[in-house]
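Heads up: the structure comes next, in structure tokens.
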Amino acid sequence: MIMARVLGLLLAVLLPAPDDAHAADDVRDWLTRMEHAVASISYRGTMVSVRDGRLDTLAVYHRADDDGIRERIVTLNGPEREILRDRDSVQSLVSGDSPMVVDNPFPTRLLPRISFEVLDHPDGIYRARVGPRARVAGRSARVIEILPVDGFRYGRRLWLDERTAMLLRSVLLDADGKVLQDLAFVELELGARISDRELSSGLADPARITRYRDADDPREPAFAATQDPYWMPESLPAGFRLVSVGRTLGDEAESLEHLLFSDGLSSFSIYIEPVRDRRVAEHLDVIGSMNVYTGRIDDRIVTVVGEVPARTVRSIGQHVRRAEHPSMRHFR
């Protein structure tokens, strides 16, 4: 017994430790294959989305060909809603003539955007690893974990098909490891022939959904792209950077400005608009995994919205200032 322990200690000393860089390369390989799978494989399937104790069932039709990616996501329970994706164009539709639906119960994007800077960032804002094998929708999968090192962003756990690296399940995790949203296929047909009819809206009288402006889609037609923001947060969590600036046409006094920030995985938007002679009380709204902070700076309403923790949108919203003297710093 003693000899066995001695041998074990010798092996622990003599054998090389796991190579962290090699582990990152493994994650990179899986993520690269995942992006390729979504861009090259057509499929149809049924998904379940669990959020805030609510279960929604979705039908998904995805076609990838020489014309690009087209996709249709349809709710199978609750109100009739659809998302139609045609390359970079996205429409959210609801049955009837309602002009606005604030809370959309299913995601406009099944595949999370993941930049490789998440793995390479010098501040090490996330830790990524390849986890154990599992099964999803009757298919063998590998688990990929991307977990934050601080409490200013969420983590993700991804289940990728072992053969094709297609995303089979995605779980969003808060800083304590609590599941905020669980999205998983229960049936999946890879390599399916998707017809034009399956990609066309089945709603008899569709109306476009308007919800909280989506941090994932800064290209709203009301905005003109610009490089010089009037407003900026004077402090940010490590790793986040400004990636897009938009502003409505007109002078500064009446303009609405949009700033989009990302760390390569998580993102949030800041909207600054005139108060227009109304009272604004600082408050925080929670919509599933989305947090929305509203406050007032001088004569402006500041709204910060994103799939990040409440402390993140609140801290950022309270630090927005005019950009004449931007003393940007990171906080932890």
Side-chain angles (χ1 to χ4, degrees), residues 49-54 102-109 111-115 117-119 121 123-129 144-158 169-183 211-218 231-244 258-272 281-297 301-321 328-332:
S49 172
V50 180
R51 191 190 74 179
D52 292 338
R54 171 175 175 168
V102 173
D103 184 14
N104 187 357
F106 60 102
T108 59
R109 191 172 185 83
L111 177 68
R113 287 191 176 102
I114 303 175
S115 169
E117 69 184 69
V118 167
L119 307 179
H121 198 280
D123 290 332
I125 53 178
Y126 292 94
R127 293 191 178 95
R129 73 181 187 96
I144 307 296
E145 286 188 341
I146 305 176
L147 304 178
V149 299
D150 59 29
F152 290 107
R153 63 208 92 214
Y154 293 142
R156 292 184 186 271
R157 189 173 291 131
L158 311 175
R169 181 184 177 192
S170 175
V171 167
L172 193 69
L173 304 166
D174 70 8
D176 298 320
K178 177 185 174 183
V179 175
L180 299 174
Q181 184 168 22
D182 191 339
L183 187 67
R211 51 180 289 202
Y212 280 109
R213 300 177 183 98
D214 195 341
D216 270 348
D217 187 10
W231 300 83
M232 281 286 287
E234 62 179 1
S235 53
L236 284 170
F240 282 104
R241 63 183 180 86
L242 181 65
V243 297
S244 174
H258 169 222
L259 309 176
L260 175 64
F261 293 82
S262 174
D263 67 5
L265 176 58
S266 303
S267 62
F268 62 85
S269 280
I270 304 177
Y271 294 89
I272 306 99
E282 183 182 53
H283 63 278
L284 185 72
D285 296 312
V286 182
I287 305 176
S289 57
M290 301 284 290
N291 284 288
V292 184
Y293 167 86
T294 303
R296 179 168 178 168
I297 301 293
I301 298 173
V302 175
T303 304
V304 185
V305 53
E307 199 172 55
V308 291
R311 65 180 293 196
T312 305
V313 296
R314 182 187 293 112
S315 298
I316 290 164
Q318 292 174 343
H319 287 84
V320 171
R321 300 290 185 269
M328 290 293 294
R329 64 185 186 276
H330 289 112
F331 57 81
R332 296 186 182 277

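For the numbers below, each heavy atom of this structure counts, side chains included, while hydrogens, waters and symmetry mates do not.
- Distance check: Arg127 CZ to Glu145 CD gives 12.5 Å after rounding to the nearest 0.5 Å.
- A distance of 13.0 Å separates CG of Asp174 from CD of Gln181, quoted to the nearest 0.5 Å.
- Looking at Thr294 and Ile301, their side chains come closer than 4.5 Å, going by heavy atoms from C-beta outward.
- By the 4.5 Å heavy-atom criterion applied to side chains, Phe152 and Asp263 are not counted as neighbours.
- Here the shortest heavy-atom pairing between Tyr154 and Glu307 reads CD1-O, 3.3 Å.
- In the model, Tyr126 has a side-chain atom that pairs as donor or acceptor with a side-chain atom of Ser266 under 3.5 Å.
- In this structure the side chain of Ile316 reaches within 4.5 angstrom of the side chain of Pro237, judged on heavy atoms.
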For this session: Decide side chain to side chain contact (heavy atoms under 4.5 Å, CB included) for Thr303 and Val292; before the verdict, give the C-alpha distance in whole Å, the side-chain angles of both, and the deciding distance to 0.1 Å.
Result: CA-CA 7 Å; Thr303 304; Val292 184; 3.8 Å; yes
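- Closest approach of Leu259 and Pro233 over heavy atoms only: CD1-CD, 4.5 Å.
- With sequence neighbours excluded, the residues forming a side chain to side chain donor-acceptor pair (under 3.5 Å) with Gln318 are Glu282, listed by chain and number.
- Atom CZ in Arg153 sits 7.5 Å away from atom OG1 in Thr312 (nearest 0.5 Å).
- Taking CG from Leu172 and CZ from Arg156, the interatomic distance works out to 5.0 Å, rounded to the nearest 0.5 Å.
- Here the closest non-hydrogen pair linking Pro148 and Gly155 is CD-CA, 3.5 Å.
- Distance check: Phe261 CZ to Ile270 CD1 gives 4.5 Å after rounding to the nearest 0.5 Å.
- No donor-acceptor distance shorter than 3.5 angstrom exists from the side chain of Asp182 to the backbone of Val171, with no hydrogens or angles considered.
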**Item:** side chain to side chain contact (heavy atoms under 4.5 Å, CB included) between Leu173 and Val179, intermediate numbers included
**Value:** CA-CA 5 Å; Leu173 304 166; Val179 175; 3.8 Å; yes
Notebook entry, point to check: Met232 and Val320: side chain to side chain contact (heavy atoms under 4.5 Å, CB included), yes or no, with the steps?
Noted result: CA-CA 5 Å; Met232 281 286 287; Val320 171; over 6 Å; no
| task | Could you walk me through whether Phe240 and Phe268 pass ring pair (Phe, Tyr, Trp, His ring centres under 6.0 Å), step by step? | result | CA-CA 9 Å; Phe240 282 104; Phe268 62 85; 5.1 Å; yes
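- For the pair Ser49 and Leu183, the tightest heavy-atom approach, listed with the atom from each and the gap, is CB-CD1, 3.6 Å.
- Atom CD1 of Ile146 and atom CZ of Arg129 lie 12.0 Å apart (nearest 0.5 Å).
- In terms of heavy atoms, Arg51 sits closest to Ser289 at CD-N, 4.3 Å.
- Under the side chain to side chain donor-acceptor pair (under 3.5 Å) criterion, Asp52 pairs with no residue at all, not counting sequence neighbours.
- The two residues Leu260 and Ser269 have their closest heavy-atom pair at CD1-OG, 3.7 Å.
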